[in-house]
Amino acid sequence: MKVAITGGAGFIGSNLTYYLSEERPDWKITILDALTYAGNLETIEPLLGKINFIKLDIADREAVTNIFATEKFDLVFHLAAESHVDRSILSGEPFVRTNVLGTQNLLDASRAHGVGKFVHVSTDEVYGALGPTGRFVESTPLDPTSPYAASKAASDLMALAVSKTFGFDVVVTRCTNNYGPYHFPEKFIPLFITNALEDKQLPLYGDGNQIRSWLHVKDHARALLMVAERGRKGEVYNIGGMEEAELPNRLVAEMICERLNKPKSLIKYVEDRLAHDRRYAIDYTKINRELGWKPEVHFQKGLPETVEWYVNNKAWWTRVKSGAYLEFYEKNYRNRGL
Ligand code: NAD
Ligand code: TYD
């Protein structure tokens, strides 16, 4: 079985690659990744004897076609994306290029060169924001509020349309917020852990009462394998966290401070994100009923373990938090009173 993982040098893609190389040791895995600011070869270095790595920009149509014609993959996990909401507010163009055009290129090349199944990895953010009650189901109308979420919604629809039009075996997954090792420190949890470790302020947007549903990245990887092996063609599967992991940002920030023995006064309330989604929560009944998946890692255990991982892997995140990262940090937080 020849398997391509796009975005395999990023957070979820690398965790998925580690998981699959344990669970399916006979699979021949190739990571396809452009190594943007979010991709890091160091993350997957221990696997490099076992798996292949090809540097590829998925928005480069000719390069995508050539690689798919040569490699003849059986299965594609598509995770490569521009993934940060705040960056998409600063500029939407890279999001359309990679998330929309890149996905189209991969779908076309996959269909043309014998791919048997295409797992399109998406996000619950395509559904927009929830009020205080209710959960996203797969039929909830798409109502994205950020350029990131809009570009993911567009790519979901292209993927589903290719399945409907040509009968191509595409499955779309929509997962809630992940956390765990190798999470890029521009995102909330790793940013707050690493800033706290450096005794820097923790910039909490707005009133800090926005609710996110947290899922350990390993639970996500397990769901993606199930979907690849048993998910039904043309279907969407929501993937979500436990009810106990639906928490306001303020509380998560405090848990991080407590775990690291840092004062909560590091938390600084700053100007809110534009169109900040108030609440996400997922109904994962469908994947539970059809494939038997449910989240297994409790946040009370997974968060401290993740904090420990950042404590023990300082070299990884200090290298990442340099150069272009600092430019983005300055742009995003300068006018927020940080
Ligand atoms: P990430 O930003 O950590 O990694 C993205 C990877 O894609 C990087 O390795 C980067 O180099 C690569 N990439 C970016 N542009 C590329 C291009 N043009 N060509 C090839 N490679 C390119 O993202 P992540 O958090 O690991 O997210 C992976 C996927 O999962 C995304 O599609 C995202 O929308 C989705 N998702 C993420 C979350 C989350 O909580 N992080 C939740 C649900 C869904
Ligand atoms: P993020 O990790 O960017 O994920 P998403 O926006 O995709 O859910 O943000 C998670 C939550 O944390 C979100 O409600 C925004 C908030 N947040 C802050 O309060 N401060 C920050 O500096 C960041 C990056 C996020």
Side-chain angles (χ1 to χ4, degrees), residues 4-17 30-41 43-44 53-61 63-64 76-110 118-127 142 144-160 162 170-180 182-188 190 215 217 220-221 223-224 227-228 236-239 277 280 320 324-325 328:
I5 302 180
T6 74
F11 166 46
I12 302 173
S14 61
N15 277 282
L16 174 67
T17 310
T30 301
I31 286 180
L32 305 173
D33 198 297
L35 299 180
T36 67
Y37 79 91
N40 189 346
L41 216 43
T43 303
I44 48 164
F53 174 81
I54 300 176
K55 188 162 187 237
L56 171 72
D57 177 356
I58 60 166
D60 180 342
R61 190 170 173 85
V64 170
V76 174
F77 290 95
H78 174 35
L79 294 97
E82 288 292 336
S83 67
H84 191 34
V85 171
D86 291 322
R87 284 184 190 257
S88 80
I89 293 170
L90 292 172
S91 170
E93 191 270 341
F95 289 74
V96 174
R97 184 180 179 277
T98 290
N99 301 0
V100 185
L101 279 178
T103 299
Q104 186 61 48
N105 291 340
L106 290 169
L107 287 165
D108 290 343
S110 296
F118 189 101
V119 180
H120 176 70
V121 179
S122 190
T123 166
D124 60 354
E125 299 193 34
V126 297
Y127 298 123
L142 304 190
T145 56
S146 71
Y148 161 64
S151 68
K152 291 296 291 187
S155 66
D156 287 18
L157 294 178
M158 290 311 299
L160 291 169
V162 163
V170 174
V171 185
V172 173
T173 60
R174 294 187 180 137
C175 188
T176 190
N177 288 65
N178 285 211
Y179 70 99
Y182 302 114
H183 201 179
F184 194 82
E186 65 187 353
K187 307 283 167 49
F188 174 58
L215 180 76
V217 65
H220 190 184
L224 293 177
V227 165
V236 175
Y237 292 92
N238 280 353
I239 303 170
D277 290 339
Y280 300 145
V320 167
Y325 175 89
F328 161 73

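Here the side chains of Leu142 and Leu157 are in contact, with some heavy-atom distance below 4.5 Å. Val172 has its side chain within reach of Leu160: a pair of non-hydrogen atoms, C-beta onward, lies under 4.5 Å apart. Taking 4.5 Å as the limit, every side-chain heavy atom of Lys55 sits out of range of all side-chain heavy atoms of Leu41. The closest side-chain heavy-atom distance from Glu82 to Tyr37 is below 4.5 Å. Side-chain atoms of Phe53 and Leu35, non-hydrogen and from C-beta on, do get closer than 4.5 Å to each other. With a 4.5 Å cut-off on side-chain heavy atoms, Asp86 and Glu186 do not count as touching.
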Using the rule given for side chain to side chain contact (heavy atoms under 4.5 Å, CB included), can you reason through Leu106 versus Phe118, listing the C-alpha separation, both sets of side-chain angles and the distance that settles it, and then say yes or no? CA-CA 9 Å; Leu106 290 169; Phe118 189 101; 3.9 Å; yes
Give the C-alpha distance, both sets of side-chain angles, the deciding distance and a yes or no for side chain to side chain contact (heavy atoms under 4.5 Å, CB included) between Arg97 and Asp57. CA-CA 10 Å; Arg97 184 180 179 277; Asp57 177 356; 2.7 Å; yes
For Lys152 and Phe95, what are the C-alpha separation, side-chain angles and deciding distance, and is it a side chain to side chain contact (heavy atoms under 4.5 Å, CB included)? CA-CA 8 Å; Lys152 291 296 291 187; Phe95 289 74; over 6 Å; no
Go through the steps for Thr17 and Phe77 under the test side chain to side chain contact (heavy atoms under 4.5 Å, CB included), then give the verdict. CA-CA 10 Å; Thr17 310; Phe77 290 95; over 6 Å; no
Derivation and outcome, side-chain hydrogen bond (donor to acceptor under 3.5 Å, both in side chains), residues Asn99 and Ser155: CA-CA 6 Å; Asn99 301 0; Ser155 66; over 6 Å; no
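Between the CZ atom of Arg61 and the CG atom of Leu101 there is a distance of 9.0 Å, given to the nearest 0.5 Å. Within the model, atoms OG of Ser151 and CD of Glu93 stand 11.5 Å from one another, a figure rounded to the nearest 0.5 Å. The OG1 atom of Thr103 sits 9.5 Å away from atom CE of Met158, with the distance rounded to the nearest 0.5 Å. Here the SG atom belonging to Cys175 is positioned 7.5 Å from the CG atom belonging to Leu224, to the nearest 0.5 angstrom. Taking CG of Leu79 as the start and CZ of Phe11 as the end, the distance is 11.0 Å to the nearest 0.5 Å. Distance NE2/His183 to CD1/Ile12: 7.0 Å, rounded to 0.5 Å.
The heavy-atom pair separating Ala149 from Val126 by the smallest distance is O-CG1, 3.8 Å. Heavy atoms only, all atoms of each residue included: Val76 and Ser110 are closest at CG2-OG, 4.0 Å. Closest heavy-atom contact between Asn178 and His220: OD1-ND1, 2.8 Å. Of all heavy-atom pairs between Thr173 and Val121, the closest is OG1-CA, 3.4 Å. Contact detail for Ala80 and Thr6: the closest heavy-atom pair is N-OG1, 2.9 Å. In terms of heavy atoms, Asp33 sits closest to Gly8 at OD2-N, 3.4 Å.
Aromatic rings of Phe184 and His84 (six-membered ring for Trp) have centroids beyond the 6.0 Å cut-off, not under it.
Put simply, the side chain of Tyr325 gets close to the backbone of Pro185: a donor and an acceptor are under 3.5 Å apart.
The only member of Thr123, Asp124, Asp156 that meets side-chain hydrogen bond (donor to acceptor under 3.5 Å, both in side chains) when paired with Arg174 is Asp156.
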